[in-house]
There are 2 protein chains.
Amino acid sequence: MSLRYALLALLRVGPLSGYDLQKQFSQSVGHVWHAPDSQIYPELRKMASEGLIEPEEQTRGRLGTRRVYHVTDAGDRAFLDWMRCPLDYQRVRDPAHLRAAYLETTDAESARRFLRAHIAQWEAELAQWEREIERIDAVENPMLVRRLAVTAEADRERTIAYKRFAYEGLVERAQGEIAWARRGLDLVDRLGR
Amino acid sequence: MSLRYALLALLRVGPLSGYDLQKQFSQSVGHVWHAPDSQIYPELRKMASEGLIEPEEQTRGRLGTRRVYHVTDAGDRAFLDWMRCPLDYQRVRDPAHLRAAYLETTDAESARRFLRAHIAQWEAELAQWEREIERIDAVENPMLVRRLAVTAEADRERTIAYKRFAYEGLVERAQGEIAWARRGLDLVDRLGR
DNA sequence: TTTATCATGTAAGGTGTTACATGATTTA
DNA sequence: TAAATCATGTAACACCTTACATGATAAA
């Protein structure tokens with residue numbers, strides 16, 4: 001159910017089309033939440049039918065239509081309510097740790113390949129998140145800039161600080177995963193003999 | 001698709017019923033993978049129809065039937081193939097970090113409540129995982145004991161070491177989440193003024 | 001004129017959750 | 001006799017993924 005709140009968070013800054021949102025989801029915010037276009041367009045329609053957002057139809061050329069969505073008062077309230085209510089945490093379901101627990105059932109080379117892929121995966125995420133933090137510090141991120149433009153002076157520091165805080169958490173998680181997998185490689189070496 | 005491999009991993013140690021598997025998923029292995037009974041029973045049927053496992057029907061009392069599943073050679077191969085092939089990592093979708101990035105939109109008390117709940121959530125997981133490590137060290141975990149019973153002497157050290165390694169990773173992740181949320185609380189205090 | 005980007009969707013299928021539904025056996 | 005545990009499922013729905021499908025506009 002968080003998809004709609006991720007969408008609302010973006011739209012609260014200013015009206016965007018499904019296409020714009022999709023781009024955000026594969027760029028900056030995509031590092032915290034991701035959804036494909038096939039999920040975004042229907043969800044926007046549904047949110048519009050529930051009165052959380054309102055489409056502003058724009059014609060593009062002769063035939064094309066572009067729907068730019070605005071957050072309604074109801075949508076704003078829905079987002080703020082979500083921010084105040086407890087999050088529901090799902091039970092762990094972690095393929096990587098599941099596999100790690102059974103690494104003795106495979107050969108050392110497969111074990112190493114798995115751990116190296118795990119490192120590569122998290123190093124890629126880490127690089128993106130670190131770059132995002134740099135962009136936050138430099139106030140370069142376009143969405144952040146737009147948000148700051150509609151934010152009262154007094155709230156700007158908090159806006160930046162919490163965004164940075166969120167990414168710091170992701171960076172630390174990635175670093176932890178990498179350190180863990182590196183220790184795993186050492187373990188394979190030690191047990192391999 | 002990992003549910004079936006989690007099931008195979010458990011069944012490879014020895015035949016179990018849907019009920020037994022469900023219990024494992026809410027206990028020891030449940031700390032790495034979880035599934036409700038409504039997902040387990042149909043999946044077992046499907047796996048049986050694909051020849052990965054075979055049911056041994058046992059009558060309980062006059063009417064009750066209990067199906068204990070054995071892993072077939074095909075099932076064993078499927079598991080080992082999965083252990084050798086690359087894992088597919090899903091894109092991040094993290095409600096807690098999504099919310100953290102927008103914490104300036106809510107009041108300090110809601111922010112604190114969220115962070116405290118995050119800490120409580122991960123402390124509960126941490127406690128379970130730490131207990132699990134203790135049980136691994138003491139060779140008390142029933143599934144581990146069963147597994148060691150069907151494991152060649154030479155592989156016992158590896159079996160224990162990898163299981164411990166998997167849980168260590170989870171413990172470190174939980175510690176990271178807790179430390180991050182604690183810093184978040186400090187941040188709320190600092191920005192609140 | 002071709003390619004990239006803008007723009008919006010449908011369809012099918014897999015995965016996961018919650019609630020519902022039933023009944024037997026064992027232990028206190 | 002009551003409660004706990006054993007035991008197996010169905011139904012409806014939410015969420016997510018992958019592939020398919022179409023066409024306009026802008027830039028090279």
Side-chain angles (χ1 to χ4, degrees), chain A residues 1-8 15-27 30 32-50 52-53 55-69 82 87-95 98 142, chain B residues 1-8 11 15-27 30 32-50 53 55-69 82 87-95 98 142:
Chain A
M1 250 323 234
S2 294
L3 170 58
R4 72 169 43 189
Y5 300 107
L7 292 169
L8 282 173
L16 293 169
S17 69
Y19 186 79
D20 296 331
L21 288 160
Q22 194 214 125
K23 262 199 314 184
Q24 287 305 319
F25 275 171
S26 49
Q27 290 167 19
V32 184
W33 200 269
H34 167 261
D37 48 356
S38 63
Q39 212 189 340
I40 293 171
Y41 289 112
E43 183 65 21
L44 288 172
R45 292 259 167 164
K46 213 176 150 200
M47 287 162 72
S49 81
E50 293 176 32
L52 303 179
I53 55 177
E56 175 195 336
E57 312 222 338
Q58 298 178 344
T59 51
R60 262 171 48 87
R62 281 178 304 111
L63 290 164
T65 52
R66 175 186 143 99
R67 260 174 290 274
V68 171
Y69 290 94
W82 178 74
L87 267 193
D88 52 324
Y89 289 84
Q90 283 127 279
R91 299 282 317 252
V92 196
R93 209 172 262 124
D94 189 328
L98 172 64
Chain B
M1 251 323 235
S2 294
L3 171 58
R4 71 169 43 186
Y5 300 106
L7 292 169
L8 281 173
L11 290 174
L16 293 169
S17 70
Y19 186 78
D20 296 331
L21 289 160
Q22 193 212 127
K23 262 200 315 184
Q24 288 305 317
F25 274 171
S26 48
Q27 289 168 19
V32 184
W33 200 267
H34 168 261
D37 49 356
S38 64
Q39 212 189 343
I40 293 172
Y41 289 112
E43 182 66 21
L44 287 172
R45 292 260 167 162
K46 212 175 151 201
M47 288 163 73
S49 82
E50 293 176 31
I53 55 177
E56 175 194 335
E57 312 222 338
Q58 299 178 345
T59 51
R60 262 170 47 88
R62 280 178 305 108
L63 291 164
T65 52
R66 175 185 142 98
R67 261 173 290 275
V68 171
Y69 290 93
W82 178 75
L87 266 192
D88 52 324
Y89 289 84
Q90 283 128 279
R91 300 280 318 251
V92 195
R93 208 171 262 127
D94 189 328
L98 172 65

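Each chain gets a letter, A, B and so on, in the order its sequence line appears, and its residues count up from 1.
Remark: the B/S38 side chain and the C/dT18 base include a donor-acceptor N/O pair separated by less than 3.5 Å.
One interatomic measurement links the two molecules: CG of B/D20 to C1' of D/dT8, which rounds to 13 Å at whole-angstrom precision. For B/E57 and D/dC6, the CD to P distance is 20 Å, given to the nearest whole Å. Atom NE2 in B/H34 sits roughly 7 Å away from atom P in C/dT17 (whole-Å rounding). Computed from coordinates, the A/Y19 OH to C/dA4 P distance equals 13 Å when rounded to whole Å. Between the C1' atom of D/dA7 and the CG atom of B/L44 lies a distance of 13 Å, rounded to the nearest Å. To the nearest angstrom, C1' of C/dT18 lies 12 Å from CG of A/D88. Atom CZ of B/R67 is separated from atom C1' of D/dC6 by 14 Å (rounded to the nearest Å).
The minimum heavy-atom distance linking A/L52 with A/R4 is given by the pair CD1-NH1, 3.4 Å.
The side chain of A/P36 lies closest to D/dT17 when the candidates are D/dT17, C/dG16, D/dT8. With distances taken from any side-chain atom of B/P42 to the nucleotides D/dT10, D/dC16, D/dT17, the minimum falls on D/dT10. For A/Q39, the side-chain atoms get nearest to D/dC16 when compared with the rest of D/dT5, C/dT8, D/dC16.
Listed pair B/R93 / D/dT17 meets the phosphate criterion, a side-chain N or O lying under 4.0 Å from OP1 or OP2.
If you take OH on B/Y41 and CG on B/L21, they are separated by 8.5 Å, rounding to the nearest 0.5 Å.
Applying the side chain to side chain donor-acceptor pair (under 3.5 Å) rule to B/Q90 yields no partners; only residues at least two apart in sequence or on another chain are considered.
For the pair A/K46 and B/K23, nearest-nucleotide mapping onto DNA chain D gives the more 5' position to B/K23. Nearer the 5' end of DNA chain D, as judged by each residue's closest nucleotide, is the contact made by B/Y41, out of B/R91 and B/Y41.
Looking only at distances, no side-chain donor or acceptor of A/S2 sits under 3.5 Å from a matching main-chain atom of A/Y5.
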